[in-house]
Amino acid sequence: MSDEPDEIPKHYAPTESEGRWYEFWERSGFFEASEDPDDRRETYTLAIPPPNVTGSLHMGHACRTTFEDVLCRHKRMQGYNTLWMPGIDHAGIATQVVVERQLKKEGLTRHDLGRKAFVERVWQWKEQSGGRILQQLRKMGASCDWSRTKFTLDPDMVRAVRESFVRLYEEGLIYRDTRLVNWDVESRTVLSDLEVDQEEGVEGELFDFAYPLADGDDGEVVVSTTRPETMLGDTAVAIHPDDERYRHLHGKFVRHPFVDRLIPVILDAELVDPEFGTGVVKVTPAHDPNDFATGKRHGLEEINILNLDGTLNENAGRFQGLDRFTARDAVKDELSGLGLVRGSKKHTMTLPRSQRSGTIVEPLISTQWFVKMRPLAEPAIAAVREGRIQILPEEWEKTYFHWLENIQDWCISRQLWWGHEVPAWYCGACSEVTVSREDPSECKACGSTELRQDEDVLDTWFSSALWPFSTLGWPEDTPALQRFYPTQDMETGYDIIFFWVARMIMMGLHFMGEVPFTRVLLAGLVTDERGEKMSKVKGNVIDPLDVIHGATADELVAKAENAGASKAGIKYLKKTYPEGFVAYGADALRMTLLSYSPQSRRIALSIKRIEGYRNFANKLWNASRYALMKLSDSEAVAAQKCPRPNALANRWILARLFEALDAAATGLEAYRLDDASGALYHFLWDEFCDWYLEVSKTALDSGDAALVKETEATLVHTLETVLRALHPMMPHITEEIWQRVPKWADAPASVMLARYPSALVDAKSDKDAVRDFEVVKALVGSLRAIRAEHEISWSRPIDVYWHTDDAVRRGVIQSERATLEALGGCVLHFEPDSSRLDDAGKHFANAAVFVNPGVRGVVPEVIDPEKERERLTRDLKKIDKELGAVEKKLDNPSFVSRAPAEVVEKSKRDASELRAKREQLEVALSRL
RNA sequence: GCGGGAGUAACUCAGUGGUAGAGUGCCAUCUUGACAAGGUGGAAGUCGGCGGUUCAAACCCGCCCUCCCGCACCA
């Protein structure tokens, strides 16, 4: 047989197989949701978190995609009309930056092209390389309904955005206002609070200087600041009204040393903490949020000293044109020259940085569009509080509530060119604003045609917030919207709970009057195996596609260098993956990502773990290969029907299959895909492969026609069922094998269309079989241990004399004799006279002894007495430890009286079994 | 300052009251006809520390130490 070329290769090769099946599924339309009015199936809908159009598949996407695909494939197999709605996000800043970078290489800026040409250029780029990530999601096996793919700038999305903007405007929930905003001087746009990161622990300087009193008053007031340059925009100094030290300053003025300006001393209990510094605060309303609020309270002038690029403007007098940081030193020098410096000390502070450009964000007065959030937040809070939306893991609810309860208005305008245009037009004649669904031809107030559209675009997240219903056709009342809204699950990373999840809930409730989804699943962030965030600089990025298709070490290094990895990063990469990656396949990657607990905030991905699951895929492959070889000439064997076998092993594996399916179902229902996949993994490997396949060899070779028949039926049924159960997790390999398994006449064309196996339908729990098979496993385990300890070659059969007083166990051993002898490599002899075993030394030369629950046995003439002593001593020690713990418990009267009866009973049983075992081992030891 | 999370085997992590688990790694051994990407056997943990509740604590409570993450404030 070994001479014959194998029809099925020994190693599973994922690369070719995965692409082939994916193409088959997509071409066959298996991913498509139905809008057929006669289709009465319940729906299951999940909208993909649309990746950035600039995006390239990373592990975060891979993780999301896997999780979502499992949910969708599972629901689909359960008979739901399943819609997994795919799409891409236009990603305002991110995309604009990418194209601007390209232009830079040509020596151009976007201003050289002008707005229209630039936007055209971005579209061009989008058409060429934009949708790449959707192809990459396919490599993961994602079963999205691609026929519905949306881009957030598609015409119908534009329509949805305009509709929602206009409605919110008409309802007074969108307004235009001048206030202090976060200004990114590099990207030259405003940012929402969420787009600003606070960099903590920055070592800075607290600089003290003096303002001389004006109007002939002698003296000065000393103020402290971390930003001396902003004094150019100071319009007050503030003291606490109750501060006795400064009572003489009430109503006075100070003189600005550089600019011809008198600055009032104001009293403000809110701004000033008399304990801090000198107790005097300089007030710069145009460049600090607190000062801005103070300015509003006191009606102070707001003097903006900055240009939009971060240089100082004409209000800075002689400092005009200097960069903001250069200006800081210049101002300090100037103050020093005037003898006004009063000291300086180190100061630890927090700096606001732009998430995009990394530059320090400037608070700047600007006119922007805002969404009034409170009225939207209230229903969103209620929806979660009342359980109409469930957030998992639950601890995120607190974070969600905390944010919404303290929410600030959302600044939605951005000074970019790429994005949804603000549908507002300014009239040149009357300066009224016209906000309109359609491009207006005249001012709504005065009828003038002198209209100019607002030049800003909307925050990318504005269109994302509409995603669950805009993708289904809103504002049209389409059949899709009716059928698939609200959706069921929303799965995404916890890092965008505010950016996206909360806003979708608010907008969904507002525009649809219904929650956009009933469950939010928040997953952790994927990091490298050290728990460090994957970063191009660190060289620790694992590209999912490299894992799937393989990559040499050289390729990895070249790629990392190209991406700008540091020297240390390259070194780490070379050290960690000296061999590169073999093609592990999408299924192995998926299983790995699923195996991490969804409750963890960090998914420290390890290549070793991926390798482990690649090995699992291979194990499944080879187990199937064995089964298919054995079943090759039994065409009649159909997998569909659950057999009713008589043989113990067959009954056992079906019972265990039942339990594994039950565990998988429980895991899937609870969104614990780690538990679900783990249950099937262990069933397949530890039970089906390690025990059942081995036992089946004996049965299939037995020549007993009835036994052969029922074993074949059980084998194929178990395999076919476990393939269906695993399909959502490992779609490609299960399809590859399932297609080869003998099937029933009207079987569907793909495993993904087959029914998901349910424990209740497929088998009944056979507890007796499970209990009896444990006897087989324990006995074989003992024999293997003896063999291993005494280095007995497998080619040498051993004689085994055994005895038990337990009728059930005796029955099992006698009826499973063939199996036991095959797996144990032995010849079994029942020893009716148990005293001969107790006193084995007299009757058997060099006997090794084993003791199982209720079964004793000896293996004569095979042993090294020293090793036997070692083995027995070790066993004895283990038993002593266990027995000690149990006995201690039982000696405690409180335990016996207060613990539940079943717990006490179990302990008693354990104790007596352990004592018996202990006695046996001691006898055996003393004999040596 | 407010809030959340984490600390369990060498590593990465499961484990919400009843005798500590997995994957990888390690040691030994086996090319037994599905699979060496494998089989078999084995070693390895004062469950961060201290106290409390309980018959019983990795798990519940309190305090402490270390690390991570949000939010707010920071003259």
Side-chain angles (χ1 to χ4, degrees), chain A residues 1-2 6 8 10-12 193 198 204 206-208 223-227 237-238 271-273 276-284 288-291 347-350 393 395-396 398-399 402-403 406 494-495 497-498 525 529-531 582 584 592 595-597 599-609 611-630 674-675 678 681-682 689-690 693-694 697 781 784-789 791 793-795 825 874 881-886 888-889 892-900 902-904 906-907 910 914:
Chain A
M1 175 151 189
S2 56
D6 279 334
I8 308 174
K10 270 169 124 175
H11 287 167
Y12 172 60
D193 293 343
Q198 303 293 332
L206 195 58
F207 182 80
D208 298 345
V223 295
S224 304
T225 180
T226 53
R227 301 194 55 193
V237 292
L271 178 70
V272 183
D273 171 8
F276 188 95
T278 58
V280 186
V281 184
K282 63 187 272 304
V283 185
T284 323
D288 180 274
N290 288 307
D291 294 4
H347 181 67
T348 308
M349 54 187 191
T350 306
E395 70 245 22
W396 286 107
K398 282 196 177 176
T399 311
H402 186 255
W403 188 71
N406 299 290
Y494 68 75
D495 51 330
I497 184 167
F498 305 138
L525 298 180
E529 57 197 329
R530 301 168 298 183
V582 303
Y584 295 112
T592 310
S595 72
Y596 290 91
S597 169
Q599 290 171 352
S600 169
R601 290 198 177 191
R602 215 184 55 178
I603 295 168
L605 187 69
S606 135
I607 287 289
K608 279 289 175 197
R609 196 146 162 170
E611 196 174 320
Y613 284 102
R614 186 274 313 257
N615 293 352
F616 173 68
N618 196 52
K619 191 75 176 174
L620 172 61
W621 178 255
N622 276 296
S624 308
R625 181 167 162 258
Y626 162 82
L628 295 176
M629 279 159 64
K630 288 292 183 190
D674 53 333
D675 290 342
Y681 173 100
H682 287 292
C689 290
D690 286 356
L693 290 188
E694 293 306 322
K697 289 173 187 170
R784 284 171 175 168
I786 287 174
R787 226 180 242 287
E789 290 297 330
E791 292 167 2
S793 156
W794 272 94
S795 57
R874 198 181 58 229
K881 199 178 147 194
E882 286 174 30
L883 190 58
V886 178
K888 194 178 156 195
K889 246 167 63 174
N892 184 341
S894 305
F895 170 72
V896 178
S897 62
R898 306 187 62 165
E902 59 196 66
V903 174
V904 178
K906 188 178 176 303
S907 295
D910 288 351
L914 286 167

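Each chain gets a letter, A, B and so on, in the order its sequence line appears, and its residues count up from 1.
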Quote, to the nearest angstrom, the C1' distance that separates B:G7 from B:C47.
-> 10 Å
Specify the separation, in whole Å, of atom NE2 of A:His402 and atom P of B:C69.
-> 18 Å
To the nearest Å, give me how far apart CD1 (A:Ile603) and C1' (B:C68) are.
-> 15 Å
With the sugar-phosphate defined as primed atoms, P, OP1 and OP2, and the base as all remaining atoms, what B/S/- string results for nucleotides 36-41 of chain B, 5' to 3', for protein heavy atoms under 4.0 Å?
-> SBSSSS
If you look at every strand shown and take non-hydrogen atoms under 4.0 Å, does A:Ser606 touch a base, only sugar-phosphate, or nothing?
-> nothing
Do nucleotides 17-22 of chain B as a string where each nucleotide becomes B, S or -: B if the base has a protein heavy atom under 4.0 Å, S if just the sugar-phosphate does, - if no protein is that close.
-> -BB--S
Are the aromatic ring centres of A:Tyr584 and A:Tyr613 under 6.0 angstrom apart?
-> no
Write down the distance between NZ (A:Lys697) and C1' (B:G33), rounded to a whole number of angstrom.
-> 8 Å
What is the nucleic acid contact for A:Arg227, judged by heavy atoms within less than 4.0 Å: base, sugar-phosphate only, or nothing?
-> nothing
Using atom C1' of each nucleotide, how far apart are B:G41 and B:A56 to the nearest Å?
-> 34 Å
Comparing nearest nucleotides in RNA chain B, the 5'-proximal residue of the pair A:Ser595, A:Ser894 is A:Ser595
Over all heavy atoms of both residues, which pair between A:Tyr596 and A:Leu605 is shortest? Give the atoms and the distance, please.
-> OH-CA, 3.5 Å
Mind checking A:Ser907 for me? I need base, sugar-phosphate or nothing, with any heavy atom below 4.0 Å counting as a touch.
-> nothing
B:U66 and B:A44, which share atom name P, separated by this distance in whole Å | 33 Å
Respond yes when some side-chain nitrogen or oxygen of A:Arg787 is under 4.0 Å from OP1 or OP2 of B:U29, and no when none is.
-> no
B:U12 and B:U16: how far apart are their C1' atoms, nearest whole angstrom?
-> 22 Å
Can you list the stems that RNA chain B is part of, where a stem is at least 3 pairs in a row, each Watson-Crick or G-U, with both distances below 3.5 Å?
-> B:1-7 with B:65-71, B:10-13 with B:21-24, B:26-30 with B:38-42, B:48-52 with B:60-64
Counting any heavy atom closer than 4.0 Å, what does A:Val280 reach on the DNA or RNA strands: base, sugar-phosphate only, or nothing?
-> base
Could you measure between the two C1' atoms, the one in B:C60 and the one in B:G18, and give it in whole Å?
-> 15 Å
Atom CZ of A:Arg625 and atom C1' of B:G33: how far apart are they, to the nearest Å?
-> 10 Å
Would you please test A:Phe895 and A:Ser907 for side-chain contact (heavy atoms from CB on, under 4.5 Å) and show each step?
-> CA-CA 11 Å; A:Phe895 170 72; A:Ser907 295; 3.8 Å; yes
In whole angstroms, the gap separating C1' of B:U24 from OH of A:Tyr584 amounts to 12 Å
Span that lies between the C1' atom of B:C73 and that of B:G51, in whole angstrom | 36 Å
Between B:G15 and B:C50, how far is it from one P atom to the other, in whole Å?
-> 24 Å
Which part of the nucleic acid does A:Gln198 contact within heavy-atom distance under 4.0 Å: base, sugar-phosphate only, or nothing?
-> base
Closest heavy-atom contact between A:Ser595 and A:Asp674?
-> O-CB, 3.6 Å
Nucleotide nearest A:Asn892 (side chain, heavy atoms from C-beta), chosen from B:A34, B:C55, B:G25 = B:C55
A:Val237 versus A:Lys282, closest heavy-atom pair with distance = CG1-CA, 4.2 Å
Distance, rounded to the nearest Å, where A:Arg602 contributes CZ and B:G70 contributes C1' | 17 Å
Answer yes or no: does a side-chain N or O of A:Lys398 lie under 4.0 Å from OP1 or OP2 of B:G5?
-> no
Can you tell me the distance, in whole Å, between the CH2 atom of A:Trp403 and the C1' atom of B:G70?
-> 13 Å
Looking at side-chain heavy atoms only, is the closest gap between A:Thr284 and A:Arg227 below 4.5 Å?
-> no
What interatomic distance, in whole Å, is found between P of B:G3 and the corresponding atom of B:C61?
-> 16 Å
Rounding to a whole Å, what distance do you find between A:Leu525:CG and B:A6:C1'?
-> 14 Å
Please test A:Lys697 against A:Glu694 for salt bridge (Lys or Arg N to Asp or Glu O under 4.0 Å), starting from the C-alpha separation and ending with a verdict.
-> CA-CA 5 Å; A:Lys697 289 173 187 170; A:Glu694 293 306 322; 3.2 Å; yes
Should A:Lys619 and A:Tyr12 count as side-chain neighbours, where that means a heavy-atom distance under 4.5 Å?
-> no
Assign A:Asp273 to base, sugar-phosphate, or nothing according to its heavy-atom contacts below 4.0 angstrom with the strands shown.
-> base
From A:Ile607 CD1 over to A:Thr592 OG1, what is the distance, rounded to the nearest 0.5 angstrom?
-> 8.5 Å
Grab the two heavy atoms, one from A:Arg614 and one from A:Val582, that are nearest each other, plus how far apart they are.
-> NH1-CG2, 3.7 Å
How many angstroms lie between atom CE of A:Met349 and atom OG1 of A:Thr226, to the nearest 0.5 angstrom?
-> 5.0 Å
Should the ring pair A:Trp396 and A:Tyr494 be called parallel, tilted or perpendicular, given that the plane angle runs from 0 to 90° and is split at 30 and 60?
-> parallel
Scanning both residues in full, the closest heavy-atom pair of A:Val281 with A:Val272 reads CG2-CG2, 4.0 Å
What closest approach, in Å, do A:Asn618 and A:Lys10 show between heavy atoms, and which atom pair accounts for it?
-> OD1-O, 3.7 Å
